[in-house]
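This report concerns only the one structure given below.
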Amino acid sequence: MGLTMEEVMDLEIMGNAIMKTSRDCLENRHVEWVSVTETPVENFVRNNELVLTTGMGCGNDPVLFRRFVEDIINSKASGLAVATGRHTYYIDRESIEFAQENQFPIIEIPWEIRFADITKAVTRKINELQQKDFEHSQRTQQHMLNLILQGADLNALARYTSEKISAPILITNRQGVRKGASFLSRKLSAVWDQLLGSKVIPQEQIEEELSNDPFQTKVHKVEASNGRIILQLPIVQTTNKKKGYLFVLLKENESPEEYFNYRRLVVLEHAVTAAALWFLRESAVEETELRLREDFVWNLARGQMGTWSNVLSRSKVLGYDIELPYQCISGTPENLKELYNEIGKKEQSYRDWLQSMIHFIEDEIYYTGESMQRKTMVTYQKNMVIIFLEVPIDNSRETVNTFLNLIERRLMNLLPGVIMSWGIGTLHVGEIRFSKSFEEAETALRIGKKRKGAGHRSAFSETRMDRILLSLAENEEVRDIVSSTIKPLTDYEKQRKMDLIDTFMAYYENQSKVSQTARALNLHRQSLLYRLRKVESLTGLSLANPDDVFLMDLSIRIWKIGMAEEE
């Protein structure tokens, strides 16, 4: 708590000292230093300093002495002790009255008392009190850390802190969600709920500083509608990441300046440190659980889980009910790099930003499932979000589409402009139903992106033709035929920048009608005919021959879905 002027006056060395001002002037006067000072004062006196003087520079001149007293008061000293008998015979009434008006203590000490003895006695007392404060700080810190290390929750920390500082305590996460609290009256709970509901708290930006103390500068004052003051302290980890807040609810009509003292500040500082440790432990536990959950879902998707009894036991530990009917959905966010560059949050690396965005996406998936009262299992692997969604056996398609509609709506609020591609597997039964559905969802996603581009949904049940083409693309003889047909066209396109493949596909889709195709491609009729003749000359196929047209169409489809990316 620090040495007070009252305690100084109680020292044995001050037994013959005389208070020239009233003893009321000693209240709330703390002594941190002792010095011997004569006029002029200038800037030689520090805050909370007990000044010893003989007044030799004043030459028994009351005017000079009064000016000396005024300078001492302005320097915010703790008090003035004047040795009378040689340079100052007495302390004049005007100086005493002036000091009394400013509630500043003036003490008369006999000339026989040596300043060195007073300095020694006061310094020894300061050191004793500092040692007690240090021991109290150590005990408080150790107790708080033991609470956290022994697994206590933030309610226990809040109650202990509240007892130490005589004020109700609330500890929240960064969003203001209550994580721990001391015992609160109904009235205080109502005040808190009102402030939280009106978003008065928590406040991210500190607009004012309560003092020059390094710790107190982090304290933000929040004023409730009834005039009650709440102090908000940030809970910050070593990475400077804000994890939450500690709130102190002051008494009615109590100001922060009146409330704060050294010991309360020390307790609050230790409480914030202990709370930061609790959040760190919670984050570590959550990250470990998240990693275990994601690994489980990923192994489930790949069918690498061992016996079914092992799968069931692990799923129960992680809180999953895998005996429900699940359908797999795979999705890829296509333009996160572009969004990061547009947002311009360069204080965070792309890797860290991407990780946080993936967590946000996973959270939105989880909340969407909750809103539909459907269980979800989610993991992010190979730049792909893998979702197992609980679906009704008789109406899975509508459930999946409603689920994806809601996710996309929520993601657009979080990341405006985000593009998601989705692949949807089918519902299966049996022990391999998860890996089978994932394999289908992954195939549907890959095929859908090749056929439609990014930002579309593709269901495995709608990819039968594409799967046939993919199967054909794996046959070496078919690949040779496709390559010999398509390569002359792609080589010519690269050289002349003329899109012959899409020209043929448009001609084929428009039932070989030249005028209709020209309008669709916004080409002159003669330009279209030139391109079609170039297709015939490069491939050696006749567009008048149905078999040649079929071969051309089939070759292009196989090339697009199974071979184009290889070039």
Side-chain angles (χ1 to χ4, degrees), residues 172-177 196-197 199 202 204 283 286-287 289-291 293-294 297-298 301 318-321 324-345 348 350-392 395-425 427 437-438 441-442 444-445 448-449 452-459:
T172 75
N173 64 9
R174 188 169 179 175
Q175 291 72 39
V177 177
L196 189 62
K199 297 184 178 178
E204 288 285 341
S283 295
E286 287 178 351
E287 287 177 9
E289 289 180 352
L290 179 63
R291 187 164 57 251
R293 283 168 165 263
E294 292 213 340
V297 176
W298 179 227
L318 296 172
Y320 290 135
D321 184 357
L324 297 170
Y326 285 95
Q327 192 166 343
C328 187
I329 306 167
S330 295
T332 54
E334 304 288 358
N335 60 333
L336 290 184
K337 184 69 174 180
E338 291 80 0
L339 289 176
Y340 171 76
N341 291 331
E342 288 175 12
I343 293 170
K345 292 186 176 179
Q348 188 178 25
Y350 174 68
R351 182 177 179 180
D352 290 341
W353 181 84
L354 176 63
Q355 186 175 16
S356 65
M357 288 303 104
I358 295 304
H359 284 321
F360 276 130
I361 290 172
E362 290 180 332
D363 286 344
E364 293 305 312
I365 290 169
Y366 171 76
Y367 291 131
T368 300
E370 272 199 335
S371 68
M372 292 180 60
Q373 297 183 329
R374 295 288 170 185
K375 300 291 186 182
T376 55
M377 297 186 291
V378 186
T379 187
Y380 181 78
Q381 305 289 340
K382 296 184 175 180
N383 301 319
M384 178 171 51
V385 179
I386 302 167
I387 310 166
F388 286 104
L389 173 67
E390 177 202 355
V391 295
N395 194 17
S396 65
R397 182 168 184 170
E398 183 179 343
T399 301
V400 168
N401 282 323
T402 301
F403 178 77
L404 291 178
N405 289 339
L406 289 173
I407 286 178
E408 289 177 347
R409 195 176 306 144
R410 295 177 72 105
L411 290 182
M412 285 303 292
N413 291 327
L414 170 70
L415 283 170
V418 67
I419 297 173
M420 294 292 300
S421 301
W422 302 101
I424 305 167
L427 188 61
S437 188
F438 165 65
E442 189 179 27
L445 177 63
K449 290 170 70 172
K452 306 174 186 177
H456 294 88
R457 300 177 195 174
S458 181

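Excluded from the calculations below are hydrogen atoms, water molecules and symmetry mates; all remaining heavy atoms, backbone and side chain alike, are included.
Nearest heavy atom pair, residue L427 against residue V391, reads CD1-CG2, 3.8 Å. Pairing each heavy atom of W422 with each of E408, the nearest pair is NE1-OE2, 2.9 Å. Nearest heavy-atom pair, K449 versus T332, reported as atom, atom and distance to 0.1 Å: NZ-OG1, 3.5 Å. Here the closest heavy-atom approach between residue T376 and residue Y366 is recorded as OG1-CA, 4.0 Å. Of all heavy-atom pairs spanning C328 and A441, the tightest one is O-CB, 3.7 Å. A pairwise comparison of heavy atoms in I386 and S330 identifies CG1-OG, 4.5 Å as the closest pair.
With S421 contributing its side chain and G331 its backbone, the two residues share no donor-acceptor pair below 3.5 Å.
For the pair K337 and Y350, the cation-pi criterion (under 6.0 Å, within 45° of the ring axis) is fulfilled.
Counting heavy atoms from C-beta on, the side chains of I407 and I365 come closer than 4.5 Å.
Heavy-atom neighbours of E370 CD from other residues, nucleotides or ligands within 6.0 Å: above the threshold of 12.
Between E362 and R293 there is no salt bridge, since no side-chain N of the basic residue sits under 4.0 Å from a carboxylate O of the acidic one.
In summary, of the residues considered (M420, R457, R409), a side-chain contact (heavy atoms from CB on, under 4.5 Å) with L404 occurs for R457 alone.
We find the CD-CE distance between E364 and M357 to be 10.5 Å, quoted to the nearest 0.5 Å. The line from OG1 of T368 to CG of L406 is 6.0 Å long, rounded to the nearest 0.5 Å. With rounding to the nearest 0.5 angstrom, the OH atom of Y367 is 8.5 Å from the CZ atom of R410. Atom CG of L324 is separated from atom CG of L389 by 11.0 Å, given to the nearest 0.5 angstrom.
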Query raised in the report: Under the side-chain contact (heavy atoms from CB on, under 4.5 Å) criterion, do F403 and R374 qualify, and how do the steps go?
Result: CA-CA 9 Å; F403 178 77; R374 295 288 170 185; 5.9 Å; no
Requested in this report: Would you sort out whether F438 and V297 count as a side-chain contact (heavy atoms from CB on, under 4.5 Å), showing the intermediate values?
Outcome: CA-CA 11 Å; F438 165 65; V297 176; over 6 Å; no
